[in-house]
There are 2 protein chains.
Amino acid sequence: MEEIAWLNEVEMRAWRGMLSAHAQLYGKLDEELVAEHGITFAEYEVLVHTSEGEDGSIRMSALADAALVSRSGLTRRVQHLVAQGYLERRRCKEDKRGTFAVLTSSGWTKLIEASKTHIRGVREHMMSKLTAQETEELANALEKMLK
Amino acid sequence: MEEIAWLNEVEMRAWRGMLSAHAQLYGKLDEELVAEHGITFAEYEVLVHTSEGEDGSIRMSALADAALVSRSGLTRRVQHLVAQGYLERRRCKEDKRGTFAVLTSSGWTKLIEASKTHIRGVREHMMSKLTAQETEELANALEKMLK
DNA sequence: AGGATATAGTTGCAAGTGCAATCAAATTTG
DNA sequence: CAAATTTGATTGCACTTGCAACTATATCCT
């Protein structure tokens, strides 16, 4: 079996760690939200980013960027959340091409409830495993990767 | 707009960083492999983990675990790689329920070529942004998350 | 031994996704 | 100002995925 030129051991651990830690964390958080609130993590993210917009509303394209999904993907996620009663769509008056997603009051309630599960999950599956310093080092490294 | 109870600032940066850094890195590595070698990152991972098995072969279930995919998902990825000529399937003699995925010589060649692109990508999009110490801190934090 | 249970793997199916094409509205440009 | 281009968003389509059901083989247990 031929040997493949590779990364050094620490680089390898960092890179493999990105894949595994992300997959494991994402999987658990998704599972818990579905079990306790009937929404996926992807849907929860849409609610979160909508809530962070002005008056709990945000343009579709901005929401797609924030939620790390394609525009077509977002259109359908929002459709689904509208069908569930958590979002409304509102045409944009200044730019008639545009559409806002707007949290309904039912959406606010759902978000607040689901966020308890979510935050508990992040603490349990991520923060509880790390010291404050490690958390800071992790945040630092991840942000440098994004530049 | 109501305020949602949340994580502290550092925790938030670490958690958001996991999502964004993973998405950005995965996206770039996938794009480069597709452009230069016509295989997805997911397929590349299957080739890598197969190559690491004995004689470039590995049981389907072990491969599914290593490649972070469901067994049904793996069955189809392997089907696709077999169709492309990079893998063969071999029945397991000791356990007739089992199947091995085995790298073909064309698969070895593909893997070796693709790994150059992959490693270059990991260096360029990840390691080049980090000092050796930051890489180590990152690896450390990610591994602790997995425990 | 042999029936019950567990394990390896595949398949049908439904759901989610992105790309390319499309439509409508806004903006640029000649 | 009208034509050309750009931008915001949605839709058709193909592809990937996981779950549940299923088949085949292996193991457990009395």
Side-chain angles (χ1 to χ4, degrees), chain A residues 19 22-24 26-31 33-35 38-47 49-50 53 57-84 87-102, chain B residues 19 22-24 26-35 38-46 49-50 53 57-84 87-102:
Chain A
L19 289 184
H22 176 273
Q24 184 179 100
Y26 190 103
K28 284 177 181 167
L29 295 174
D30 186 57
E31 191 175 26
L33 281 173
V34 170
I39 59 172
T40 63
F41 178 69
E43 290 170 340
Y44 173 76
E45 280 285 283
V46 167
L47 298 184
H49 291 293
T50 305
S57 74
I58 185 174
R59 287 288 287 268
M60 291 295 281
S61 47
L63 186 49
D65 294 344
L68 306 175
V69 70
S70 69
R71 289 172 182 212
S72 55
L74 181 74
T75 293
R76 279 135 179 164
R77 261 195 229 172
V78 166
Q79 278 168 0
H80 195 214
L81 287 162
V82 167
Q84 293 175 281
L87 289 182
E88 283 174 3
R89 294 159 49 79
R90 186 183 301 155
R91 293 205 64 185
C92 173
K93 287 176 185 168
E94 307 87 61
D95 183 343
K96 288 183 189 165
R97 296 167 301 182
T99 305
F100 281 98
V102 190
Chain B
L19 288 184
H22 175 274
Q24 185 179 100
Y26 191 103
K28 284 176 180 168
L29 295 175
D30 186 57
E31 190 174 30
E32 290 167 359
L33 281 174
V34 171
I39 58 172
T40 63
F41 178 69
E43 290 171 339
Y44 173 76
E45 280 284 282
V46 168
H49 291 293
T50 304
S57 74
I58 186 174
R59 286 288 287 268
M60 291 294 283
S61 46
L63 186 49
D65 294 343
L68 307 174
V69 69
S70 69
R71 290 171 181 210
S72 56
L74 180 74
T75 293
R76 278 132 179 165
R77 261 195 228 172
V78 166
Q79 278 169 0
H80 194 215
L81 287 163
V82 168
Q84 293 175 282
L87 288 183
E88 283 174 3
R89 294 160 49 77
R90 185 183 302 154
R91 293 205 64 185
C92 174
K93 287 176 187 168
E94 307 87 62
D95 183 342
K96 288 184 186 163
R97 296 167 302 181
T99 305
F100 281 97
V102 190

Counting C-beta onward and ignoring hydrogens, is there a side-chain heavy-atom pair between [X] and [Y] closer than 4.5 Å?
X       : Y       : value
A:Arg59 : A:Asp95 : yes
B:Val78 : B:Thr99 : no
A:Leu87 : A:Leu47 : yes

For [N], does either OP1 or OP2 sit under 4.0 Å from a side-chain N or O belonging to [X]?
X       : N      : answer
B:Thr99 : C:dA8  : no
B:Arg97 : D:dT27 : no
A:Gln79 : D:dT10 : no

### Summary
Here DNA chain D, pairs taken as Watson-Crick or G-U under 3.5 Å and shown with ( ), [ ] when crossing and | when to another strand, reads ||||||||||||||||||||||||||||||

Side chain of [X]: nearest nucleotide among [options]?
X       : options               : answer
A:Thr75 : C:dA26, D:dT11, C:dG9 : D:dT11
A:Arg89 : D:dT25, C:dT10, D:dA9 : D:dA9
A:Arg91 : C:dG9, C:dA25, D:dT25 : C:dA25

### Task
Between B:Ala62 and A:Asp95, just flag the one whose closest nucleotide in DNA chain C comes earlier from the 5' side.
B:Ala62

Tell me the interatomic distance from [X], atom [atom1], to [N], atom [atom2], rounded to whole angstroms.
X       : N      : atom1 : atom2 : value
A:Met60 : C:dC23 : CE    : C1'   : 16 Å
B:Glu94 : C:dT7  : CD    : C1'   : 16 Å
A:Glu31 : D:dG18 : CD    : C1'   : 13 Å
A:Ile39 : C:dG16 : CD1   : P     : 13 Å
A:Asp65 : D:dA9  : CG    : P     : 10 Å
A:Asp30 : D:dC19 : CG    : P     : 10 Å
A:Lys96 : D:dT10 : NZ    : P     : 17 Å
B:His80 : D:dA14 : NE2   : P     : 15 Å

### Query
A:Ser70: what forms a side chain to side chain contact (heavy atoms under 4.5 Å, CB included) with it, not counting sequence neighbours?
A:Ser72

### Task
Determine yes or no for a side-chain-to-main-chain donor-acceptor pair under 3.5 angstrom, with B:Thr75 supplying the side chain and B:Arg71 the backbone.
yes

### Message
Can a donor-acceptor pair be found, under 3.5 Å and without considering hydrogens, that links the side chain of B:Arg77 to the backbone of B:Ala42?
### Response
yes

### Message
Rounded at 0.5 Å granularity, tell me how far OG1 in A:Thr40 sits from CG in A:Leu81.
### Response
7.5 Å

### Atom pair CD1/NE2 of B:Ile39 and B:His80 - distance to nearest 0.5 Å
10.5 Å

Where do N or O atoms of nucleotides 17-20 of chain C meet protein N or O atoms at under 3.5 Å, pair by pair?
unit_1 : atom_1 : unit_2  : atom_2 : d
C:dT17 : OP1    : A:Arg77 : NH2    : 3.2
C:dT17 : OP2    : A:Arg77 : NE     : 3.4
C:dG18 : OP2    : A:Ser70 : N      : 3.1
C:dG18 : OP2    : A:Ser70 : OG     : 2.4
C:dG18 : N7     : A:Ser72 : OG     : 3.3
C:dG18 : O6     : A:Arg76 : NH1    : 2.9
C:dC19 : N4     : A:Ser72 : OG     : 2.8

### Query
In terms of the angle between their ring planes, are A:His22 and B:His22 parallel, tilted or perpendicular, with boundaries placed at 30° and 60°?
parallel

### Query
Which is it for B:Leu68 and B:Glu45 under the side chain to side chain contact (heavy atoms under 4.5 Å, CB included) test, yes or no, and what are the steps along the way?
CA-CA 9 Å; B:Leu68 307 174; B:Glu45 280 284 282; 5.9 Å; no

